[in-house]
**Student:** 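Shown below is the structure under consideration.
Note that these values count all heavy atoms, side chains included, but never hydrogens, waters or copies made by symmetry. Convention: sequence-line order gives letters A, B, ...; per-chain numbering from 1.
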Amino acid sequence: MASSTFGEFIKLRSESSYNAAAPQTASDWNIGGNGGGANGWFELPVLKTAEAQPKSPLIYPMTKSGQRHMNVALPVAGSNPPEQIGSYEFPIYPVLCDRIWRAAFGTVNRTPTAGVAAQASTAFASLATLTTQPATLEVLVFTIASSTAASSAVINIIQNGVTAETITIGTNAGTVNGVYYSKGGYDGSVNAVTFSIAGTVTSGAVTVSGIKYSTNVFTVGNTTPSLVIEQGGRVEADSGNSEYFAGCVIPAITLNYARTDQQGLLMGAATILGQKPSNATATTFANDAAKYYRPFAAWTASLTLDGAAWYEVQAMQITISPRTGLYEVSSGSQSPYGKIEGEFGIEGEITLLPADNSRFADYQGATVRDVNLTFTSPYMVNASTPFSMLLEIPQMTFSDYTRTQVAVQEAVAQGATIPFVGIFKSDHSGAGRLTTVDRLPI
Amino acid sequence: MRYRFKDKESGQIAEGYTVLQIVNFECEVANDDTEAILLAEKSGGELVVEKAPAKVLKETTDGGTK
């Protein structure tokens, strides 16, 4: 007996409101005019052992005092407990992890750095090239206006005779007009970037511009947006379908930075709370990670302590805890979330090879230190600007300095592990903030 | 309603479910979207107040103005 093909993927997106209807209805983030944009889909590669696991929706009423309730009454279908549905472990990718950061921190301020790519307003149907080609890698931005309809229309981005990317356009006035982005970065200095429009476009105009890179600063907000997670490839969803988990929140996400881990220098693991999934037709999985973003096991990390290079750290586990929760309600369609009283926290543990008595003195003196952790990719967003992530913990305090020994082959060095806690700092709006530099403008 | 951001030409400010898209230093906010109004004001946006068109005085037939 032949086994069916096993393939599994997840996509995620921000919801426009908690547990919004039709969670499957959205386009990719870059299709701004056609159901994507700020609430569009992102593909996130995850370890395949990770599954979102729905819970039983059954209630066993207790009908007789003193008896185990499951023995005296048949189960009845009740409300679905919003509880932990699992966790996903994933490598940290720029762009693709953006909505995870949004769901954890709550607030983001994005600033694009404008590029030089330009095409003045031209008839949408005849878009063919750029007036000014990008001289370095740039995201291309297509702004379509005044179009009333299109039929199966796409913009093909062509370079060196090859279609590098295809952007799907909507079919009516409400979905054609809007802002569309390329996922990839394009440099037209050697091979010019050209376009072709496929399908039927009846009217409208398009302008094209470029973005070199986007700087996204995530800070702790009062509210966090919830997520929809599409889990594809499960046979339980039935053929051709995916499970769509709506109303998902992330109470904690752990980053594991291990200088010694050759498989992935920086990995993340997010705990997911959410609602019962609904099954609907699966979206197409295009493997954006492979097509537009490189394997990022090659992050290099550097730390500073009070602004100076800090070479003692061998590994760090960092837990970012928004402590967002879902709370069960009696029944019906009430949203099971409440006011969050807990404080956003950044905690973790550092494994270090101490150079002297400084960290031990910090621990004994309850001193706070300003620690920055920068991850830099060998791949460039634009020219000499790499994909990067900067995690700032401006007031880090240490606890329980535990002396250990680190053995490598036959050599042994003095080591230590130190749990840490980030303390609220007003000019960072919290105990920590994250700055990413990547290609995501929205 | 429009809010003007002195130091932000373009980009996005978002908190929770509220997303402000800033184009040419300004973003459009619906009159009844209290979350967006709060976020715009907290983020340093200033409400753009449309000035009433200046009144043009015309000569009247009796030599005065109105």
**Student:** Would one find more than 12 heavy atoms of other residues, nucleotides or ligands at under 6.0 Å from atom CD of B/E41?
**Tutor:** yes

**Student:** Please evaluate residues A/F344 and A/F105 with respect to the criterion ring-ring contact (aromatic ring centres under 6.0 Å, His included), reporting the C-alpha separation (whole Å), side-chain torsions for both, the decisive distance (0.1 Å), and the verdict.
**Tutor:** CA-CA 8 Å; A/F344 182 100; A/F105 282 87; 5.4 Å; yes

**Student:** Counting only non-hydrogen atoms closer than 4.5 Å, does B/E35 touch chain A with its backbone (N, CA, C, O), its side chain (CB onward), both, or neither?
**Tutor:** neither

**Student:** Under the ring-ring contact (aromatic ring centres under 6.0 Å, His included) test, which residues partner A/Y213, sequence neighbours left out?
**Tutor:** none

**Student:** What part of A/T219 is in contact with chain B, defined as an atom under 4.5 angstrom from a non-hydrogen atom: side chain, backbone, both or neither?
**Tutor:** neither

**Student:** Among A/I442, A/N216, A/N39, A/V217, which residue has the highest count of heavy-atom pairs closer than 4.5 Å to chain B?
**Tutor:** A/I442

**Student:** Would you mind checking which part of A/T224 comes under 4.5 Å of any heavy atom in chain B, side chain (CB onward), backbone (N, CA, C, O), both or neither?
**Tutor:** backbone

**Student:** A/R439 pairs by side chain to side chain contact (heavy atoms under 4.5 Å, CB included) with which of A/N30, A/V95, A/I211?
**Tutor:** A/V95

**Student:** Heavy-atom pairs under 4.5 Å with chain B: which of A/P112, A/A103, A/A114 has the most?
**Tutor:** A/P112

**Student:** Only one of B/E15, B/Q12, B/K8 forms a side chain to side chain donor-acceptor pair (under 3.5 Å) with A/N109, so which one is it?
**Tutor:** B/K8

